[in-house]
Amino acid sequence: MIYKIKLLVLFLMLPAALFSQSKFEKKGDKALLKGDYPEAIIQFKNIKNKNAEVNRKIAECYFVLGNYDQSENFYNSIQEKEKNSADLLHLSQINLANDNFTAAVLLAERAGELGADPNEVQIRLDAVRKFTEVRKANQDLKITKIKVQPQGKCLGIFLLPEGIVYSEAGAGKIGSDKNYKLLLAADENSEYNETKSFAGKLEPKTDIGAICISPDGNTLYYTRWYIRKGKQQMEIAIAEKKNGEWRSKESLAFCSRKYSCCYPFLSPDGKTMYFSSDMKGGYGGMDLYVSKQDGGKWTEPQNLGKSINTAQNEIYPRVLSNNQLWFSSDGHAGYGELDLFFTSRNEDGSWAPVINPGEPYNSAFSEYSIQDIPETGMQLFVSDREDRGLRDRIYELKKEDKKCVQIFVKDAHSNDIIKNVKFAVLKALENKVVVADKGMIEGETSFDIPESELDRGILYEITVQKSGYIDRVIEYYPSSQNMNIEVSLSRISEKPKFAFVSELEPIAYPKKKITFKNIYFDKNEDDFSDEAKKILDRLYRFWKEFPELGIKINGHSDSKGLAQMNLDISLQKAEKAKTYLVKQGVEASDIEVGAWGEEFILNGCFDDSGCSENEHHENRRIELIFVL
């Protein structure tokens with residue numbers, strides 16, 4: 001009887017569940033059509049039994065919002081057989097943004113196999129290739145802040161021969177007559193030290209910013225903000241210089257109260273204007289448009305097309321001195337909110353694939369309004385990265401001067417130059433590979449370091465290898481007094497003195513062995529610290545010189561918590577150390593692992609001893625032991 005009642009309740013509830021699911025999906029679809037992606041996500045997530053189509057909609061919403069981690073999670077929740085070509089193209093773009101270039105290529109190719117537009121697939125493949133090239137070129141770029149900075153938010157920059165014009169938020173409250181003003185940072189030998197008001201009498205009660213000026217210096221185009229029906233809108237207005245003062249005129253003819261036009265930029269000849277607008281007929285959000293001067297009038301704006309514009313926002317177009325079109329977008333695959341992107345015209349007049357230049361241009365926050373100074377090779381742009389979105393700052397990018405470090409490799413016994421030596425260079429703390437397994441033909445070679453790293457105590461590790469010789473790892477701190485490094489290699493048959501022997505101590509636990517050095521850890525650590533990895537690397541190099549030694553790794557824990565849990569933790573840590581050493585090249589059969597949990601507490605710190613956390617930490621250790 002109870003079973004029948006349960007069935008009856010289930011059948012009574014089923015129509016309501018179906019109705020509820022349908023209601024949430026309808027609300028989600030409605031929000032999706034309006035472009036309210038956060039609301040759409042909420043509604044779709046309320047559906048209890050999500051099918052592939054619902055997960056796809058959630059994934060697409062997160063994709064448009066730039067939350068690639070969540071987007072990838074929901075795309076991956078769709079079974080492989082149910083994924084379509086659009087899913088795979090989006091996943092390809094997500095992997096490109098995460099520097100997973102191989103996955104980006106494979107996913108794009110699979111999308112093509114499922115019927116994706118061959119042009120879209122090729123665009124994706126070209127983007128991967130171009131991005132790797134751009135990222136390599138960016139390695140020499142150094143980013144710094146200019147001396148003069150906006151006090152709050154900034155509406156973009158514009159370069160004049162006498163300096164940088166930029167906007168900044170004034171003291172007015174939101175909704176007041178004036179919130180933004182224009183300032184000029186005077187240029188003195190590429191140093192921006194002082195500011196003064198710019199166009200201070202231009203529309204004193206209206207927010208203005210995001211300007212550009214005609215090549216003859218007499219016509220100013222600027223973005224003017226106004227409120228219409230409670231909504232903030234923008235239009236591009238004109239001002240002319242009369243007797244040294246800027247005087248406002250009308251807005252551009254293609255502007256309308258039905259949509260916004262903003263962020264104008266003129267080509268060097270002043271005859272082409274790029275700008276942003278959300279006028280009808282675009283692809284969503286703010287799109288990039290172009291208009292040309294014809295007979296003194298600006299032509300009907302043309303949308304730059306779907307290869308540039310997305311369902312989100314494309315703003316602040318800029319044509320730099322190399323004829324590349326740069327802009328900011330939160331719709332293309334990026335690092336955070338607004339990222340900088342660039343493209344250029346193909347020979348047939350079409351736009352090449354849009355490229356994200358990566359770091360240091362872009363960050364997890366917003367970057368926009370890029371300009372360049374070709375005479376100095378410098379680029380300027382605005383970003384709120386330093387204060388996490390609270391304040392905008394103006395940054396400059398330029399290639400950093402490099403210094404050459406020479407390496408000479410000799411035989412330790414004969415002092416003769418050794419040829420055909422392999423070497424690699426690692427920037428230690430960043431774990432950044434500077435040179436990867438490069439061959440030295442004549443026994444001497446070099447690598448470059450940024451000039452700013454000289455005499456700053458920055459550690460580089462130089463690995464030198466030659467068949468028949470013992471590997472050497474040199475710790476090098478770049479110094480203006482030491483730009484030449486001489487490395488001596490000893491033949492394997494020789495018995496060299498080893499610098500780490502002094503670290504070995506005989507101990508009597510659990511029987512006579514020699515300990516190398518302990519590694520300490522926290523219970524919740526997923527990986528070893530950089531210091532721990534250095535100790536393991538040094539142990540490996542010692543073992544390579546004395547491979548007849550066996551290695552014992554003992555894991556120990558503190559006494560806090562359950563004994564079995566502590567035993568498991570000590571085993572896990574010891575096994576992790578073994579895995580690390582095996583990857584370095586130690587034979588697995590030469591390593592013995594032991595786990596002792598809380599059996600060997602060194603300092604009397606048991607559960608009820610009242611010891612501090614630092615004292616308990618002394619017991620959480622891995623003993624690295626050589627077996628005689």
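The shown structure was predicted, so the numbers you read here are calculated from the model rather than taken from an experiment.
You'll find the ring centres of Tyr368 and Tyr316 inside the 6.0 Å limit.
A search for side-chain hydrogen bond (donor to acceptor under 3.5 Å, both in side chains) contacts involving Gln584 returns Asp537, not counting sequence neighbours. Residues meeting the side-chain contact (heavy atoms from CB on, under 4.5 Å) test with Ser350, sequence neighbours left out: Asn346, Asp348. Shown here are the salt bridge (Lys or Arg N to Asp or Glu O under 4.0 Å) partners of Lys147, two or more places apart in sequence or in another chain: Glu191. With sequence neighbours excluded, no residue forms a salt bridge (Lys or Arg N to Asp or Glu O under 4.0 Å) with Glu461. Applying the salt bridge (Lys or Arg N to Asp or Glu O under 4.0 Å) test to Glu80 and every residue at least two apart in sequence or in another chain returns Lys83, Arg110. Remark: Glu386 engages Lys145, Arg393 in a salt bridge (Lys or Arg N to Asp or Glu O under 4.0 Å) (not counting sequence neighbours). Qualifying ring pair (Phe, Tyr, Trp, His ring centres under 6.0 Å) partners for Tyr75, counting only residues two or more places apart in sequence or in other chains: His90. Residues meeting the side-chain hydrogen bond (donor to acceptor under 3.5 Å, both in side chains) test with Ser589, sequence neighbours left out: none. Annotation: ring pair (Phe, Tyr, Trp, His ring centres under 6.0 Å) contacts of Phe408 (sequence neighbours excluded): none. With sequence neighbours left out, the ring pair (Phe, Tyr, Trp, His ring centres under 6.0 Å) criterion links Tyr68 to Phe63.
Checked by atom type and distance alone, the side chain of His413 never pairs as donor or acceptor with a backbone atom of Leu489 at under 3.5 Å. Looking at Ser570, its side chain never comes within 3.5 Å of a backbone N or O of His556 through a donor-acceptor pair. Listed for the Asn554 side chain is no donor-acceptor partner under 3.5 Å among the backbone atoms of Val593.
The shortest heavy-atom contact between Leu567 and Ala595 is CD1-O, 3.6 Å. Minimum heavy-atom separation, Phe423 to Ser446: CZ-O, 4.2 Å. Between Thr310 and Ser329, the shortest heavy-atom contact is OG1-OG, 4.4 Å. Residues Leu89 and Ala111 come closest through the heavy atom pair CG-CB, 3.8 Å. Taking every heavy atom of both residues into account, Leu338 and Asp330 meet most closely at CD2-N, 3.8 Å. When all heavy atoms of Asn566 and Gly561 are compared, the pair lying nearest together is ND2-O, 3.8 Å.
Put simply, the residue from Ile164, Ile146, Asp392 that forms a side-chain contact (heavy atoms from CB on, under 4.5 Å) with Ile157 is Ile164. Among the candidates Asn362, Ile394, Ile143, the single residue satisfying the side-chain contact (heavy atoms from CB on, under 4.5 Å) test with Phe381 is Ile143.
Side-chain N/O atoms of Tyr520 and Arg621 include no donor and acceptor closer than 3.5 Å. Side-chain contact, Gln406 with Asn484: no donor N or O sits under 3.5 Å from an acceptor N or O. Side chains of Tyr395 and Gln379: a donor-acceptor N/O pair is absent below 3.5 angstrom, by distance only. Between Glu72 and Tyr62, the side chains place no donor N or O within less than 3.5 Å of an acceptor N or O (distance only, hydrogens not considered). Using a 3.5 Å distance cut-off with no hydrogens or angles, the side chains of Ser366 and Glu337 do pair a donor with an acceptor.
A salt bridge is absent between Asp471 and Lys466: the closest approach of a Lys/Arg side-chain nitrogen to an acidic carboxylate oxygen does not fall below 4.0 angstrom. Look at Lys410 and Glu486 and you find a salt bridge, because one of the NZ, NE, NH1 or NH2 atoms lies within 4.0 Å of a carboxylate O, short of that distance. Taking a cutoff of 4.0 Å between a charged side-chain nitrogen and a carboxylate oxygen, Arg620 and Glu613 qualify as a salt bridge.
Within the structure, salt bridge (Lys or Arg N to Asp or Glu O under 4.0 Å) contacts touching residues 367-385 (residues at least two apart or in different chains) are Lys153-Asp384, Glu367-Arg385. For residues 579-591, there are no salt bridge (Lys or Arg N to Asp or Glu O under 4.0 Å) pairs, not counting sequence neighbours.
Annotation: the span from Leu426 atom CG to Tyr460 atom OH amounts to 10.0 Å, rounded to 0.5 Å. Here CD1 of Ile569 is found 10.0 Å from CD of Glu598. Values are rounded to the nearest 0.5 Å.
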